[in-house]
Structure formats: structure tokens, C-alpha cells
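Along the sequence shown, residues carry numbers from 1. Whatever order the structure lists ligands and atoms in, that order sets their numbers, starting from 1.
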Amino acid sequence: MFKKILIANRGEIACRIIRACRELGIQTVAIHSEVDRESMHVKLADQTICVGHSSASDSYLNIPSIIAAAEISGADAIHPGYGFLAENTYFAEVCEACGIKFIGPSKESIEQMGDKISAIELMKKSGIPTVPGSDGPVRDDDPRIFAIAKKIGYPVIIKATAGGGGKGMRVVVSSETLQNAIIMAQIEAKAAFGNSDVYMEKYIEEPRHIEFQILGDKYGKIVYLPERDCSIQRRHQKLIEESPSPLINEALRKKIGKAAKNVASIINYVTVGTVEFLVDKKGHFYFMEMNTRIQVEHPVTEMVTGIDLVKEQIKLAAGERLYVASEKVKILCHAIECRVNAEDPDKDFIPSPGKIGRLYLPGGLGIRVDTHVYSGYVIPPYYDSLIAKIIAFAPSRGEAIMKMQRALREVEIEGIKNTSSLHSKIMSNEVFRKGYVTTDFLSKHIFER
Ligand code: ADP
């Protein structure tokens, strides 16, 4: 087992990883930017190193500085968390070259899933159902785009090959707006990922986003855990996740779970990862992508299965065997996670950084809160706006919703705007309560005009 792990991240996930390390008896090194000196992860770690100025490119994405910090502190492994360098092949390669274990899959696995077009192609070749699409990049100045879209059938969706966080996506309903949508998606993709490549897919109407947590060891054993339903999204970004999905039965769970396991087997996957699918109204499912890291929404699976995914991830990276078996995993409860962001829901969700005054976060039976904020903490404007994840778990979905509602009523965050009121609105919505959730739920039932 590792002796000392450097956490190449910040915020709630860095705190989550430090806690897992501590329970495993592993020393921790927190890196931080100048502005993050007073951050919770810095307070929790055994050792801390400032790696650069406040912007992410100077600090949490600064590979030479992070590697130097690992070498100086004598860390034998690096946990990248999510975002930042978590799916950066070059970083995984540099870690390996420096004799530091990257806590994640092999660089080959990251590479195979990093480019969405080649990932989809590989899965299609291997018999995994995929959404009909352009089978390659499309460009706005290519006259063939109209024929491709017609063949796929409108509506289509334009997506960035390097995509993430729902950026660079455009839904197109007819040929009149196709070219413009491709131009806009290319610009957005270039700005977000430094790569303007986009592709085209059939837009599945009223789908559900269903994903499966995968665990794999270096001896070739792979298991899948019960699904997460992440259909509550705003602009293709997840807002609420739950497990199990209210609309998936045991037979469909097995069918998609096995496909997810196959996806991971195809790339000899080791450690934890997530295979994402779209499921249409008829129960047909399509591979969307695989995230080769721990996800923001991992706690719902932890509550439902009783498995500590971060500890498992560390153990698997250290070469330990997987003891879990898919057939033996029981669904112990229903869990729901609300992502509370420092954003103003009344002003089109603009970020709301600043100093937190009085802070009260909920607790009690059936509530877990993963956060890095505290009273007096200043939320910097440089990074993402997630400030807390509230997870409610109970024997049934109805009880979990009730718990979440009462937990949200307890939330008090003075000094900044946050999205907890939006979550309360969703929890009391009849359609949500009945479990009829699809990815257009928010635009249809919450933001309707
Ligand atoms: P990202 O990597 O940016 O998160 P994904 O490929 O995971 O992008 O898609 C994010 C969300 O966008 C999905 O959960 C879904 O709501 C929507 N989406 C993506 N592809 C399609 C599609 N072909 N049809 C309908 N919705 C889609």
C-alpha cells in the first residue's frame, strides 16, 4: 500500500480523498494555489505545498510544479480527483516516468476514452449499442453535413469530441440552422477544450441519463454496481443524481450493467470509472462515453451499496484484488444527491463567489454532506462553483425525497447566492416525485414560461 499520497485537486473532492487516506493510514499532501491557502483541504492534509498562482493553469493544471511537489514531499502516488488533470494522458505518463503511481487507469485507457469519436467507434465495432451519428468529425464548411444530418434524421445534436460538462453542444431541429450550430459548437469547443472538433449524433428525445459505476482490478476482474440516474440536468450538466433509477427494473439493470462491464473489459480497465448511457422511452440504451475517474456523484452509489469507492480506487491502484461481485451487491437504500452551487438561480445561474458569513449545513439521520466550505471561507472566482453535495438516503425513494426536502430547509449560507432553493422546487415537483424524469425535465417543468 502507498505511504503518502499527493492530492492534485481542491474543494470537496480533495477533502473526500484526504479522509479516505486517513482511514487507510496513508499520509497526505495537499497542493494549493495562492488563493486557496485557507481552503479546507489544506487544513485537513498532513503536509501542504503551494504550487502556483490562483488561476488553474498556474496551479492545479501546472504539471511540472505538481510533480516537483510530489518529489519534494516523497509522495509515492498522486490522486487526481475529478476535473483538472484527472483525464490527462500526458500527466498520467509523466507520473509513470517519475516513478509516482497515478491513481487511475492506464494512460492507454484514458486515451481510448478521451476522444469521444474514437471511443464510440471502438464500442460500435465491439457490438455495444451506440447512437447513430456522423461516424467522425464534421466541419461547418463541408457541404456533406446536410446529407449526413438528413441520413441520421432530425433532430440531431452537435457535440465536441473533447467534450465535458455539456459544453460545445447544440441541438438542431432542421437544416436551416445546421451550419450555424456547427460553427457555434466549434467556437465553444475551442474555447473550452482547445480543440474545435465536433461530431453529429441523432438527438434522442426525452432520454434518461443512466450510468454505471465500474470497478476493475489488475488481474482482469471487472464488476458493475447499481445504476445512477443523472437525468436532472441544466444545459446538459448534472444537477441531481439518484440511485437506483426510478425507471429501471432488475432485467434492464442487468442488461445495461453487463454492457457497461463489457465496455470496461474492452479497454482492460483498472480502478474506478463510469460508463454513461442514454436510455430512450422504449428502454433502448446507447453508449455515450466512459469517464475514467471518480465522479462527482459517486456518494449516491456509496450509500446504496455500502462500498467506499475512493478507498477501493486507492486499493485497486495499489494492486489489490477486487473482493466485490456484481451479483452479490445489494441495493441497501435509495440515495439522492443535490449539487449546491455558488450561483444565482434568479440571474441565469451566474457564479456568486465571495465570503460566506453564517453557515449552517444540514445533518441528522440519512443525510451526508460533502463540502469544503465553512463560515468565513471566501469562495474564489477561479474554479468551479460546486460548494456542497447534500446526499439523502432512506429505505425508499419517497422517504429519501422527504429527507432531502427537510435537509434543504435547514441550509443557511449567508453572503453568497446558492442553488438550494432550486433543489427544493424540484423535490416538491409532482413529476419528479413520481419519478418520470428525463433530461428535459428542468426546461419543461421548472423553467417553463
Ligand atoms: P459531457 O461529456 O459534456 O458531459 P455527454 O456526452 O456526457 O457530454 O452528454 C451530456 C448530456 O447531454 C447527456 O446526459 C444528455 O442529457 C445530453 N446528450 C448527449 N448526447 C445526446 C443525444 N445524442 N441525444 C440526446 N441528448 C444527448
Side-chain angles (χ1 to χ4, degrees), residues 82-83 86-88 110 113-121 123-124 128-135 137-138 148-149 151-173 178 181-182 184-186 188-213 227-242 245 247 256 260 263 273-282 284-293 295-297 339 384 386 437-444 446:
Y82 53 67
E87 287 164 293
N88 184 310
I110 304 176
M113 288 299 169
D115 178 278
K116 290 194 185 188
I117 295 181
S118 31
I120 290 169
E121 208 166 293
M123 292 310 141
K124 199 168 155 186
I128 306 286
T130 55
V131 183
S134 56
D135 295 330
V138 291
I148 296 171
K151 187 164 169 231
I152 295 171
Y154 288 98
V156 295
I157 182 167
I158 315 296
K159 298 170 71 171
T161 46
K167 291 196 187 84
M169 279 189 196
R170 282 281 188 289
V171 179
V172 185
V173 292
L178 180 65
I182 295 179
M184 295 310 291
Q186 284 169 341
E188 235 173 82
K190 178 82 186 162
F193 316 110
N195 175 352
S196 63
D197 285 354
V198 298
Y199 63 105
M200 203 189 303
E201 251 178 19
K202 172 92 189 146
Y203 181 71
I204 310 291
E205 290 180 82
E206 296 179 33
R208 278 172 290 144
H209 174 122
I210 300 292
E211 58 181 39
F212 280 78
Q213 180 72 55
E227 76 286 348
R228 293 188 287 255
D229 190 323
C230 311
S231 301
I232 304 287
Q233 307 179 345
R234 188 184 152 265
R235 296 197 178 145
H236 308 302
Q237 277 194 59
K238 298 164 189 167
L239 216 61
I240 294 175
E241 301 92 356
E242 63 181 305
S245 166
L247 287 160
I256 313 179
V263 168
T274 295
V275 186
E276 299 189 335
F277 297 92
L278 283 177
V279 180
D280 70 14
K281 284 182 259 187
K282 293 183 180 148
H284 298 136
F285 63 92
Y286 309 91
F287 166 82
M288 206 165 27
E289 65 168 340
M290 180 168 187
N291 292 139
T292 54
R293 54 166 159 80
Q295 307 258 111
V296 176
E297 59 273 25
R339 298 187 187 194
D384 84 28
L386 179 68
V437 284
T438 52
T439 59
D440 54 1
F441 169 83
L442 238 56
S443 53
K444 261 192 174 156
I446 301 290

Inset, instruction - Could you check atom 26 (N) of ligand 1 against the protein and tell me its nearest heavy-atom contact, residue, atom and distance included? - result: Y203 CE1, 3.5 Å
Legend entry - atom 3 (O) of ligand 1: the protein heavy-atom neighbour that sits closest, reported with distance to 0.1 Å: G166 N, 2.6 Å
Legend entry - Residue pairs, two or more places apart or on separate chains, that pass salt bridge (Lys or Arg N to Asp or Glu O under 4.0 Å) and touch residues 163-173: R170-E188
Inset, instruction - Measure the NZ-CG distance between K159 and D197 for me, rounded to the nearest 0.5 Å. - result: 15.0 Å
Legend entry - Proximity to ligand 1 by part of E289, non-hydrogen separation under 4.0 Å: side chain
Legend entry - ring-ring contact (aromatic ring centres under 6.0 Å, His included) involving F287 - partner list, sequence neighbours excluded: none
Legend entry - Heavy atom of the protein closest to atom 18 (N) of ligand 1 (residue, atom name, distance): I157 CD1, 4.0 Å
Inset, instruction - Under 4.0 Å from a heavy atom of E276: give me the atoms of ligand 1 that qualify, with their elements. - result: 7 (O)
Legend entry - Under 3.5 Å: donor-acceptor pair, side chain of E87, backbone of T292: yes
Inset, instruction - Answer yes if the side chains of R293 and Q295 hold a donor-acceptor pair under 3.5 Å, and no otherwise. - result: yes
Inset, instruction - Within a distance under 4.0 Å of any heavy atom of K116, pick out the atoms of ligand 1 and give their elements. - result: 1 (P), 2 (O), 5 (P), 6 (O), 8 (O)
Inset, instruction - May I ask you to check if ligand 1 and L278 share an N or O to N or O distance below 3.5 Å? - result: no
Legend entry - Residue G165 vicinity, atoms of ligand 1 by number, heavy atom under 4.0 Å: 1 (P), 3 (O), 4 (O)
Legend entry - Numbered atoms and elements of ligand 1 in range of H209, under 4.0 angstrom, heavy atoms: 13 (C), 14 (O)
Legend entry - Spatial distance of atom CD (E289) from atom CD (E211) [nearest 0.5 Å]: 9.5 Å
Inset, instruction - Give a yes or no answer on whether the side chain of E242 reaches the backbone of D229 with a donor-acceptor pair at less than 3.5 Å. - result: no
Legend entry - E201 contact mode with ligand 1 (heavy-atom cut-off under 4.0 Å): side chain
Inset, instruction - Can you pull out the closest protein heavy atom to atom 24 (N) of ligand 1? Residue, atom name and distance to 0.1 Å, please. - result: I204 N, 2.9 Å
Inset, instruction - Would you confirm whether S134, through its side chain, and M200, through its main-chain N or O, come within 3.5 Å as a donor-acceptor pair? - result: yes
Inset, instruction - Compute the shortest N/O to N/O distance between V131 and ligand 1 and return yes if it is under 3.5 Å, no if not. - result: no
Legend entry - Under-4.0 Å heavy-atom contact with ligand 1, by part of M169 that carries it: side chain
Inset, instruction - Enumerate the atoms of ligand 1 whose separation from the nearest heavy atom of Q233 is less than 4.0 angstrom. - result: 11 (C), 13 (C), 14 (O), 15 (C), 16 (O)
Legend entry - Close-contact set for ligand 1 against K159 heavy atoms, below 4.0 Å: 6 (O), 19 (C), 20 (N)
Legend entry - Contacting atoms of ligand 1, where contact means under 4.0 angstrom from a heavy atom of H236: 10 (C), 11 (C), 12 (O), 17 (C)
Legend entry - N/O donor-acceptor pair under 3.5 Å between K202 side chain and G153 backbone: yes
Inset, instruction - Classify the contact between T439 and ligand 1 as side chain, backbone, both or neither, using a heavy-atom distance cut-off of under 4.0 Å. - result: side chain
Legend entry - Heavy-atom donor-acceptor pair, S231 side chain to H209 backbone, under 3.5 Å: yes
Legend entry - Part of Q237 with heavy atoms under 4.0 Å of ligand 1, whether side chain, backbone, both or neither: neither
Inset, instruction - Please examine the side chains of V275 and M290, heavy atoms only from C-beta on, and report whether any two atoms are closer than 4.5 Å. - result: yes
